[in-house]
Every structure is written in structure tokens, then in C-alpha cells.
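Order of appearance sets the numbers: ligands from 1, and atoms from 1 within every ligand.
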Amino acid sequence: MHFYVMTLFPELIEKGMHTGVLYKAMEAGILSLDTFHIRDYTIEKHKRVDDYTYGGGAGMLIQAQPVYDTYQAVLERLGDSAGKKPRVVYATPQGSVFDQAKAEELAKEEDLIFLCGHYEGIDERVLEEIVTDNISIGDYVLTGGELPALVMMDAISRLIPGVLNNDESATTESFNDGLLEYPQYTRPEEWRGKKVPEILLSGHHGNVEKWRLEQSLERTKERRPDLYEKYMELHPPQPEKKKRRKKKKKPQSAEGLTEGMAGEGTETSAEETNGTATQENS
Ligand code: SAH
């Protein structure tokens with residue numbers, strides 16, 4: 001993955017990316033980063049890149065010319081090898097909100113260009129000309145697009161094979177299957193009187209997996225009911241087979257698992273919920 005960032009604060013981007021696993025991935029050639037200082041491309045005498053807004057209003061706006069010329073320099077650096085035009089992501093509070101699905105989508109690209117605004121933003125005409133994706137990192141306003149670009153590059157980078165030491169960790173994280181991750185523990189087994197849940201020490205893979213799914217469901221239900229609802233829509237409780245002689249103790253659905261977790265001790269089958277079980281069992 002090659003990142004190209006157009007910004008008025010290249011040092012912020014460089015510093016942000018030159019730490020930890022991202023730095024290691026750059027050293028290993030898995031990621032690369034090129035920053036382009038928008039101020040280097042202005043044709044104004046005093047290296048100005050901003051001006052007042054037409055129609056009045058507080059604040060300054062970055063002009064179209066320096067941004068467009070910076071973009072041309074990025075394209076030059078890319079050369080024709082890319083073939084297709086690379087995506088240009090403008091970090092803006094007016095974009096669709098960045099999430100894990102977006103990170104996964106962008107991680108499939110070979111080259112990604114980020115455009116960071118500042119002040120009141122950027123002249124609309126150049127945005128229309130070059131931007132392919134308007135993306136926000138949340139419903140709040142920051143002073144610049146650098147932190148959002150770093151947030152996005154970080155989330156995208158860790159999905160690139162080889163960036164994390166353990167490829168599995170990228171696929172078992174929160175959001176990966178629409179649920180938050182289960183709680184995790186490391187040594188010691190007991191800390192300040194708190195013990196690691198017994199089941200994690202059992203070595204029984206199946207039980208550990210079941211416990212983790214239960215925990216993920218519980219946690220998501222409690223902390224992010226919006227995500228939980230979506231997950232349940234995609235994984236509706238399985239209706240149980242009609243000609244069942246014996247009631248099994250094992251929960252049959254994701255819903256069953258959470259109910260088991262809540263410690264209510266009863267397992268409600270789909271049939272019982274809709275009232276048909278009473279007839280069948282009598
Ligand atoms: N006047 C603009 C906000 C400008 S904030 C408006 O009301 O939409 C200055 C710059 O910070 C923007 O150009 C953008 O690049 C960046 N920025 C601010 N908040 C952001 C957010 N939530 N997500 C992504 N980028 C953001």
C-alpha cells in the first residue's frame with residue numbers, strides 16, 4: 001500500500017506514521033508514505049495558500065490552485081504505472097463516516113491519496129475536480145484533516161497482510177463480524193483478587209470459543225445496542241426443528257447464547273416464544 005498525503009503539516013503525518021508497527025511495516029517495504037506540502041506548490045509570492053471567502057464569513061479558505069498543483073505532483077510521482085486514477089480521499093466532516101467496512105474497502109487499493117484541509121476548508125471547485133471520496137471520522141469538527149488522515153491510514157494499514165505480526169488478530173477484532181471483541185486476559189492468573197475466568201484455563205477450544213461468542217454478544221448488546229440489533233438481523237435465532245423429542249440443553253442460536261449468559265437458567269426456544277411448543281410438548 002502506498003499512501004500519498006497532501007497537507008499543510010507534513011511533519012505531523014510523518015511523525016504519526018513513523019511509530020510502532022506502521023514504522024516497521026514501512027521499513028519492511030509493506031507500506032510507503034509520501035507527503036506533499038501544499039505550500040510548496042503555491043504560485044503566490046509570499047507562499048500564501050489561503051484567502052477570504054467570497055460572500056463573507058469568518059475564516060480563511062485554502063485556494064484551489066495550490067491544491068490542484070499538489071495533486072498534479074502526486075500523479076507525477078505515481079507515474080502511469082497505476083493505470084487507473086487513484087482514489088483521492090478528502091478528510092471532511094461533510095463525508096460519510098469512516099468505519100471498519102470502509103477501511104477494508106480502501107485496504108484493497110494499491111495507492112491512496114489523502115487530502116487534508118485546514119482553516120475553513122478548501123475551495124469547492126478543486127474538490128469537485130479531484131476528490132473521489134469524502135470521508136469524515138465522526139460528527140465533530142477538528143482544526144485539520146491530518147489526524148483524520150492518520151486515523152484512516154492506521155485502520156487501513158493494519159489490514160494489509162504482514163503489517164501485524166499475527167494475521168489472525170486483524171480478523172478477530174471488534175467489528176470484524178459486526179460484534180465487539182470479548183474481554184481478554186494475560187498473566188498473572190490472579191491480580192488484585194481478580195481471577196481469569198476458569199474456562200480460559202481449561203484448554204477446551206470449543207468451550208472457549210463458545211464463551212467468547214457469549215461475551216461478545218453480551219458486551220455488544222450492552223455497549224452498542226445499534227450494532228447488536230444489526231447483528232441479530234443478520235443472524236436471526238434459528239427456529240428449532242419441529243419433531244424434536246428431547247429438549248437439548250445446548251443453545252441453538254446466538255440469542256440463546258446471550259440468554260444463557262444472563263444467568264436466567266432457562267433456554268427459550270423459538271417455538272416456545274411463538275407459542276407452538278406448548279401444544280407440541282403436551
Ligand atoms: N468549515 C468546514 C470545517 C473545516 S475544519 C465545515 O464546516 O465543513 C478544517 C479541516 O479539518 C477540514 O477541511 C477537514 O479536512 C478537517 N476535518 C475537520 N473535522 C473533520 C472530521 N470530523 N473528519 C474529517 N476531517 C475533518
Show me which atoms of ligand 1 lie under 4.0 Å from any heavy atom of [X].
{"X": "P148", "result": "24 (C), 25 (N), 26 (C)"}
{"X": "G145", "result": "11 (O), 15 (O), 16 (C)"}
{"X": "V141", "result": "5 (S), 19 (N)"}
{"X": "G121", "result": "13 (O)"}
{"X": "G138", "result": "22 (N)"}

Nearest-neighbour protein heavy atom for [atom], which is reported as residue plus atom name and distance:
{"atom": "atom 22 (N) of ligand 1", "value": "Y140 O, 2.8 Å"}
{"atom": "atom 2 (C) of ligand 1", "value": "E120 O, 3.4 Å"}
{"atom": "atom 24 (C) of ligand 1", "value": "T92 N, 3.3 Å"}
{"atom": "atom 12 (C) of ligand 1", "value": "Y90 OH, 3.9 Å"}
{"atom": "atom 6 (C) of ligand 1", "value": "Q94 NE2, 3.6 Å"}

Would you name the heavy atoms of [X] and [Y] that are closest together and state the gap between them?
{"X": "Y41", "Y": "P66", "value": "CB-O, 3.8 Å"}
{"X": "I38", "Y": "T70", "value": "CA-OG1, 3.6 Å"}
{"X": "L227", "Y": "G178", "value": "CB-O, 3.9 Å"}
{"X": "L159", "Y": "A107", "value": "CB-CB, 4.1 Å"}

Nearest option to atom 5 (S) of ligand 1, as decided by whichever heavy atom of L142, I122, I137 sits closest: L142
Option with minimal heavy-atom separation from atom 14 (C) of ligand 1, where the choices are P93, A91, A58: A91
Sidechain-backbone polar pair: S216 side chain, L180 backbone, donor-acceptor under 3.5 Å: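 Such a contact is found between S216 side chain and L180 backbone.
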Result of checking R212, R219, E218 against P183 for side chain to side chain contact (heavy atoms under 4.5 Å, CB included):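 Option passing the side chain to side chain contact (heavy atoms under 4.5 Å, CB included) with P183: R219.
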Part of S136 with heavy atoms under 4.0 Å of ligand 1, whether side chain, backbone, both or neither: both
Region of D139 engaging ligand 1 - heavy atom pairs below 4.0 Å: neither
Side-chain donor-acceptor pair present, E14, T35, cut-off under 3.5 Å: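 Yes, side-chain donor-acceptor contact under 3.5 Å.
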Nitrogen or oxygen of G117 less than 3.5 angstrom from that of ligand 1: yes
Centroid-centroid distance, F9 to H118, less than 6.0 Å: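 Yes, the ring centres sit under 6.0 Å apart.
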Side chain to side chain, E105 and R87, heavy atoms closer than 4.5 Å: yes
Minimum side-chain heavy-atom gap H18-L33 below 4.5 Å: yes
CG/D226: more than 12 non-hydrogen atoms of other groups inside 6.0 Å: yes
Test item, Y119 contacting ligand 1 (heavy atom, 4.0 angstrom): yes
I62 to ligand 1, any heavy atom closer than 4.0 Å: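 Under 4.0 Å: no for I62.
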